[in-house]
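Note that ligands are numbered from 1 as they come in the structure, with each ligand's atoms numbered from 1 the same way. Atom set for the values below is all heavy atoms of this structure, side chains included, hydrogens, waters and symmetry mates excluded.
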Amino acid sequence: MNKSTIFSLALAACCCTGLAAQEVNHMVVKANKPGAEIQPTMYGHFFEDINYGADGGLYAELVMNRSFEFPNRLQGWKTFGNVTVLEDGPFDRNPHYIRLADPGHPHKRTGVVNEGFFGIGLKENAQYRFTVWARGNGQKIRVELIDPYSMGETQVLTSGDVALNSADWKKYELVLTAPQTIDAAQLRIFLASAGNVDLEHISLFPVDTWKGRENGLRKDLVQALVDTKPGVFRFPGGCIVEGTHINDRYQWKNSVGPVENRPLNSNRWEYTFPHRYYPDYHQTYGMGFYELFLLAEDMGAEPLPIVNVGLACQYQNDDPKAHVPVDSLQSYIQDALDLIEFANGDETTKWGKLRAEMGHPAPFNMKFIGVGNEQWGPEYPERLKYFVDAIRKAYPDIQIIGSSGPNSEGKDFDYLWPEMKKLKVDLVDEHFYRPEDWFLKSGNRYDNYDRKGPKVFAGEYACHGKGKKWNHFYASLLEAAFLTGVERNADVVYMATYAPLLAHVKGWQWRPDLIWFDNLRSVRSCSWYVQYLYGHNKGTQVVPLLMDGKAVSGQPDQNGLFASAVWDEPTKSYIVKIVNVSDKAQSVTVEFDGLKKKKLATQADCILFHSDNPDEENSLDNPNLITPKESKVTVDGKTLQSEVGAQTFVIYRVSMQE
Ligand code: AHR
C-alpha cells in the first residue's frame with residue numbers, strides 16, 4: 001500500500017477532525033480507463049405481497065374482503081340485524097355478495113362494519129371514494145366512516161346516503177371527506193329504508209392515490225419507490241410465485257381484467273411462520289400484473305415478472321407429486337408466452353388487446369422474464385429447459401432469468417449455476433439473506449466470476465443483523481460495502497434488488513424490509529437510503545479504483561475499507577464510493593490518475609451516511625433520524641484528501657472543469 005504518515009492533513013468539510021498522526025489510505029482512480037458499462041437496470045426493486053405489501057399496503061384499497069370471497073365469507077366484517085351471504089352475484093369468479101334485509105323490528109338496523117387492514121387510516125380533509133355494486137330499486141343505504149373506539153363509544157366521523165335505483169346490479173359511488181386524522185377507523189353500512197338490498201364489491205379508496213388513479217396505489221409508498229430511481233422492478237415475488245401448493249401459485253391471468261372479477265388467491269404468508277400467523281391474509285389481485293407493469297413504467301424501471309416453472313414451493317412441499325409432471329407443462333409455458341404477449345403484443349393479439357382495453361394501448365416493452373423463484377435439484381433445469389426453448393423460439397429478444405436456488409453458495413448453488421450455463425439463460429438469479437460477517441467478507445464475491453457465462457441478477461438480498469437488530473444502520477452500511485463489489489463488477493452483475501420491499505408494522509412476517517408503514521405513515525429504512533444513494537450515483541461506466549494495486553474490497557490489510565468508482569457521462573463526473581466499516585476514522589487520498597490535460601473541478605460534492613450509534617434505525621416516529629448529509633470537499637489538482645469517519649459510507653462526486 002502506498003501509505004504515508006502525515007501529521008497535519010488539511011481535512012475537508014466532509015471530514016471528522018481530531019486526528020493526529022495516522023496512516024493514509026492512498027487510492028488511485030484510473031481516470032482514463034473507463035471500463036464496463038453500468039447497466040441501467042443495476043439497482044431496482046423486488047416486490048412481493050408479503051408483510052401486507054399489496055393488500056393492506058401498496059394497493060390503496062381500504063376494505064378487507066370487499067367481495068366476500070375469503071374462505072370465511074364474512075372475515076373482516078361484523079354484521080348486525082338480518083344479513084345473509086348469497087352466491088349468485090354478477091361476477092362469475094367472485095360470486096358471493098351480501099343481502100341486507102328487514103331486521104324485523106322498527107328500531108333495529110341491518111348492516112355491516114368493515115375493520116379494514118388493522119383499521120382504516122383516514123387523513124383530515126382528505127376525500128375517500130366509496131363504491132359498491134348494488135341491487136335495489138327505491139332502497140337507500142347509509143354509509144359511515146366511524147371511530148369505533150372514541151372515548152369508549154362509537155363516533156360517526158362522516159356519512160352519506162346512497163339511493164339505489166335499479167333492480168339490476170349497478171355500480172354506485174359516494175365521496176366522503178374525513179373530518180379528522182385517525183389510523184383505525186371503520187366503514188359501516190346499513191339499510192336506511194324498507195326492503196332488501198344486495199351489495200357486492202364494497203370498496204373504499206383514498207381519492208388521492210398515486211397519479212389519482214382509481215383502483216390506485218398508496219401515494220407515499222409509490223413515492224418512496226420512485227425516489228430511489230430504480231432501474232428494474234421484479235414482481236410478484238418471491239415464494240408466492242410458487243405457492244405452497246401448485247394451485248396457490250401466482251396466476252397472472254387471474255390478476256388482469258375487471259377488478260371485480262379477479263378471483264381471490266390464498267397467500268402463503270398467512271401461515272408460513274406460525275409465530276406470525278395472519279388468518280386474514282389473502283391476495284385479491286386488485287393490484288395485478290397490469291398495475292404492476294404500470295408501476296414499473298411510472299418508476300422508469302424495466303418490468304421483470306417471474307413466472308412459475310411448474311414447481312410448488314420446494315421448502316414447503318417437496319413431495320415430487322406436488323409438482324407438475326414434465327410432460328404436463330404446456331399450460332405453464334403458455335402462461336409465460338401469453339404474458340409476453342400481454343406486455344408487448346399489439347391490439348390485434350388476444351392478450352395485447354386486453355392490455356389496451358385496460359387502458360394501455362402501447363406495449364410495456366418487457367425485456368426480461370424470470371422462470372422459477374428459489375428452485376433446486378434436477379427437477380428445476382429439466383422443467384426450465386422447455387420454457388427456454390419455447391420463449392427463445394417465440395420471442396428471441398426476451399432475456400431469460402434462471403435461478404441458482406435459495407442460497408448464496410453450497411450444494412444447490414454449485415449444481416444450478418453450471419446447469420444455467422448449459423441452458424444458456426441470460427441471467428442467473430442469486431439470493432442472499434446473510435449475516436453481517438458474510439457481507440464483510442463478500443466484497444470480492446464477483447471478482448472472479450466467469451465473464452463469458454450468464455450475467456448475475458442479485459434478485460433478493462439483505463444483511464440480517466444478529467439478535468434484535470433488523471433495519472439498523474450497521475446492516476445498511478454492510479450492504480453499501482457489498483455493493484461496491486457489485487458496482488466494480490458491473491460487467492458481470494446486471495441487476496441487484498434488495499428484499500423484501502415493504503412491511504406493515506402490524507402485519508409483518510419477514511424483516512428486515514426496505515420500507516415500513518402503518519395505515520398513515522411510512523418510513524424509509526437505512527437500507528432504503530443505501531439504495532437511494534446507489535440509484536442516484538449509479539454512473540455509466542466503471543472506472544478502476546486501486547489501493548496498492550488491488551481492488552478495495554475489505555480485505556484484512558485494507559483497514560475495513562471498501563471502494564469503487566464510476567464515470568457518469570451525463571454529468572461528466574467521477575463518482576467515488578468509499579465505505580469504512582471499521583471503528584476508526586480512516587484518512588484517505590483519492591488520486592485521479594491519467595487525466596492528462598483535463599482538469600478536475602476544485603471542489604467535489606460529498607455525501608455522507610453515518611450514525612454515531614450503528615444499532616439505531618429510522619422509525620415511524622423518528623423517520624429522519626439517520627439520513628445522508630451533503631457538503632463539499634476540496635480537490636487539490638488531481639487529488640482529493642479526506643477522512644472517512646468510522647462506520648461511514650461516503651460518496652464523492654468530482655466533475656471536470658469546463
Ligand atoms: O423475500 C422473502 C422470501 O425470501 C421470498 O419470498 C423468497 O424468494 C425468499 O426465500
Practice task
Go through the side-chain N and O atoms of Glu409 and Trp438 and say whether any donor and acceptor fall under 3.5 Å apart.
Solution key: yes
Problem - Trp508 side chain to Asp513 side chain, donor-acceptor N/O pair below 3.5 angstrom - result: no
Completion exercise
Looking only at non-hydrogen atoms, the one of Trp510, Tyr461, Tyr433, Phe47 nearest atom 1 (O) of ligand 1 is Tyr433
Handout entry: OH/Tyr386: more than 12 non-hydrogen atoms of other groups inside 6.0 Å
Key = no
Practice task
Within a distance under 4.0 Å of any heavy atom of Asn373, pick out the atoms of ligand 1 and give their elements.
Solution key: 7 (C), 8 (O)
Handout entry: Under 3.5 Å: N/O of Ile240 near N/O of ligand 1
Key = no
Problem - Short side-chain donor-acceptor distance under 3.5 Å, Ser203 and Glu61 - result: yes
Practice task
Assign the ring pair Tyr498 / Tyr461 to parallel, tilted or perpendicular, where the plane angle (0 to 90°) is split at 30° and 60°.
Solution key: perpendicular
Handout entry: Presence of salt bridge, Asp491 and Arg451, under 4.0 angstrom
Key = yes
Completion exercise
Closest heavy-atom approach to atom 7 (C) of ligand 1 among Gln509, Glu242, Glu460 is made by Glu460
Practice task
Check whether more than 12 heavy atoms from other residues, nucleotides or ligands sit under 6.0 Å from atom OH of Tyr532, and answer yes or no.
Solution key: no
Problem - N or O contact, Tyr315 vs ligand 1, cut-off under 3.5 Å - result: no
Handout entry: Subset of ligand 1 atoms that lie under 4.0 Å from at least one heavy atom of Glu374
Key = 7 (C), 8 (O), 9 (C), 10 (O)
Problem - Proximity of Trp269 to ligand 1 by residue part, where a heavy atom lies under 4.0 Å - result: side chain
Exercise for the section: Assess Pro500 for proximity to ligand 1: is some non-hydrogen atom of it under 4.0 Å away? Expected result: yes
Practice task
Consider every N or O of Glu48 and every N or O of ligand 1, then say whether any pair is closer than 3.5 Å.
Solution key: yes
